[in-house]
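Notes follow the structure.
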There are 2 protein chains.
Amino acid sequence: MKKNDIKILLVDDEPDILEIVGYNLSNEGYKVITAENGAEGVKKAKKEQPQLIILDVMMPEMDGIEACELIRKNPDLKNSIITFLTARGEDYSQVAGFDAGADDYITKPIKPKVLVSKVKALLRRFKEEDIADTVKIGSLEINRDEYKIISKGEEIILPRKEFELLSLLASKPGKVFKRDEILDAVWGNEVVVGGRTIDVHIRKLREKLGDNSFKTIKGVGYKFVE
Amino acid sequence: MKKNDIKILLVDDEPDILEIVGYNLSNEGYKVITAENGAEGVKKAKKEQPQLIILDVMMPEMDGIEACELIRKNPDLKNSIITFLTARGEDYSQVAGFDAGADDYITKPIKPKVLVSKVKALLRRFKEEDIADTVKIGSLEINRDEYKIISKGEEIILPRKEFELLSLLASKPGKVFKRDEILDAVWGNEVVVGGRTIDVHIRKLREKLGDNSFKTIKGVGYKFVE
DNA sequence: AAATAACAGCAAAAGTGATGCCAAAAAATT
DNA sequence: AATTTTTTGGCATCACTTTTGCTGTTATTT
C-alpha cells in the first residue's frame, strides 16, 4: 500500500483544526477526509474505511466518545486506529476514551511536528502489513496480486493472456511494443503462435477497456496510451 | 496468553516512579520487571522479551532514546511496544522518541488511572494480533487455535487440509493464489500430490461455505472474496 | 492514379487445456 | 474395525486461446 492510499479521517467541529491538521497530513502525502461532527464522522468512517481516525472529544450533538463506540462496533473498522483529540487536563476523557476503544490521544494545542510523528508511529504497523502489488496508469489500475484490473472504477477480471498483454503494454505507457517483443514477453520465445493471435487479444482488450487506449502502429506493433 | 503472562519492563532511574508505576501495573495483574538505567534496561529487554517497555527519557548514562534505539535493533524485540515517560513540555523528546522507534509516550506527572488505561490500550493491539489467534473476514471467523471456523454464526469444524486451504486463501481476501503457491503453503514443497487434489478441496469448501466465496481464475489459481 | 502488396481488423470456428465433478482407493484418525 | 479425511484417475465441460478466412485500409510500386 502506498502512502497516498492511506486514508485518515479527521472529525472536529472547529474548522480551524480541520484546516491545520488536514493541511499537515495532506502535506505528508496522506489522503485526508474530514467530518464536522460525530454523526457525519461515523458515516464517513463506514464509507471510506480509513486506516486512522482522529476524533475530537468535545463536539456538539455526538461527542467523540460516542462516535468511537459506534465505530468500534463496526467489524470492518476494527483494525482502524482511533485516536482522540483532547485539551490538556481533560484527564477524565482520556480514561473514558480508552474504554471506548481508542488507541491513543493527542493533546491540544496541536504541534504539527508532534502530530505528524505520532501519526507515522501509529501507522507504522499498519503499513507493514500489506503492500499491494498494484500499478496505476491514469484511470486504470492493474493489480497483479489479484489478476484483476480496475478501469473507470469498475472491476474487470481478465483471462491470463489478456491480463499479461495489458500488463505489458501498460507497463510503459506510450512505448511501442513490437510484435516480436510482445510474443517474447507474453508467449515466451519457444512457443510459436500464428500471426493474428495478438490482434485478437488486442481486440478483446479494446472491447473491454475502450478503443482509444490501444494504438496500432502499422508494421511495428502496439502501444498503450492514457 | 493470560494476563499474568504479559511482561512489562519499566526503566527509570527514580525509585519512586518504579515503585508507584510498578505497583499499579502489578495490581492489574501484569508481570513487572524493572531496571534502573538504560544499559540495564536493554539487557533485561533482551533477556525477558517483554511485550511492553516503558522508558524514562531522562536518565543518567544512557538515556531512553538511546536505549530505545538499541532495543529496536534487536529483531526479537521488534514487536514489543515501547513507550516513553516524559515530563510535560519536553516536546523535543517526543519527536526524537518517535524517530527512535517509540510507539507512544506518557507524560509525567503520572496519574495511575490514565497510566493503566493507556497500558491496556497499548496491549490490546498486541493481544489481538498474537494471542487471540483468530481472524475475521466479513461474516467469516477463522480460529486457528481450534481449527474451526464460524460462518454466518454457525460453527463449522473443518478437516486439516480444508482448514489450511481456507486459512490461506482468506488470509488475503482478493489475492489470487496460484496453484503452486497453494501447494507450497498447504502441502509443502516436498510432497507431490496430483493435479486434482486442490480442486477437490476447493469443492468441499464451496459445499460447506457457499459457492460464491471462492473464485476461480483459470490458468492461475483461486481467490477468496467476501 | 491505378494496381499491387502488406498489414490489421473482425467474426466465427476449432482447438486445447484447465477445472469441476464423481466415485473409488488409499491413508489417517477415531 | 469403523469412520473420516485425503488423494487419485477418468471423464465431461467450459473458458480461454488460437486459427482461419475474409474484409478493409494503408503503403508501395508502376
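In what follows, chains carry the letters A, B, and so on, assigned in the order in which the sequence lines appear, proteins first and then strands, with residues in each chain numbered from 1.
- Proximity of A:Y222 to the phosphate of C:dC7: no side-chain N or O atom is located under 4.0 Å from OP1 or OP2.
- We find that CD of B:E207 is positioned 15 Å from P of D:dT4, with the value rounded to whole Å.
- Inter-residue side-chain proximity for A:D56 and A:L10 is flagged as unmet; no heavy-atom pair is nearer than 4.5 Å.
- Note: CG (B:D199) to C1' (D:dA12) measures 14 Å, nearest angstrom.
- Across the protein-nucleic acid pair, B:K178 atom NZ and C:dA18 atom C1' stand 16 Å apart, rounded to whole Å.
- Here the C1' atom of nucleotide C:dT19 and the CG atom of B:D180 are 15 Å apart, to the nearest Å.
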Going 5' to 3' through nucleotides 15-27 of chain D, assign each nucleotide B (protein heavy atom under 4.0 Å from a base atom), S (under 4.0 Å only from sugar-phosphate atoms) or - (no protein heavy atom that close). SSBBBBB---BS-
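- Going from atom CD1 of B:I202 over to atom P of C:dG20 covers 7 Å, rounded to whole Å.
- Nucleotide C:dC21 holds its C1' atom 15 Å from the CG atom of B:L205, rounded to whole Å.
- Nucleotide D:dC11 holds its C1' atom 14 Å from the CZ atom of B:R203, rounded to whole Å.
- For B:V220 and A:V220, each mapped to the nucleotide of DNA chain C holding its nearest heavy atom, the one lying further toward the 5' end belongs to A:V220.
- If you check the side chains of A:S213 and A:R206, you find no donor sitting under 3.5 Å from an acceptor.
- Pairing each heavy atom of A:L165 with each of A:H201, the nearest pair is CD2-CB, 3.6 Å.
- Side chains of B:L9 and B:V11 form a contact here, defined as non-hydrogen atoms less than 4.5 Å apart.
- When distances run from any side-chain atom of A:T216 to the nucleotides C:dA11, C:dT19, C:dA8, the shortest one goes to C:dA8.
- Side-chain contact between A:R72 and A:I82 is present, with at least one heavy-atom pair separated by less than 4.5 Å.
- Note: A:Y147 and A:F163 have tilted aromatic rings, judged against thresholds of 30 and 60 degrees for the angle between ring planes.
- Taking the six-membered ring for Trp, A:Y222 and A:F214 have ring centres at least 6.0 Å apart.
- A:Y147 has its OH atom 14 Å from the P atom of C:dA18, to the nearest Å.
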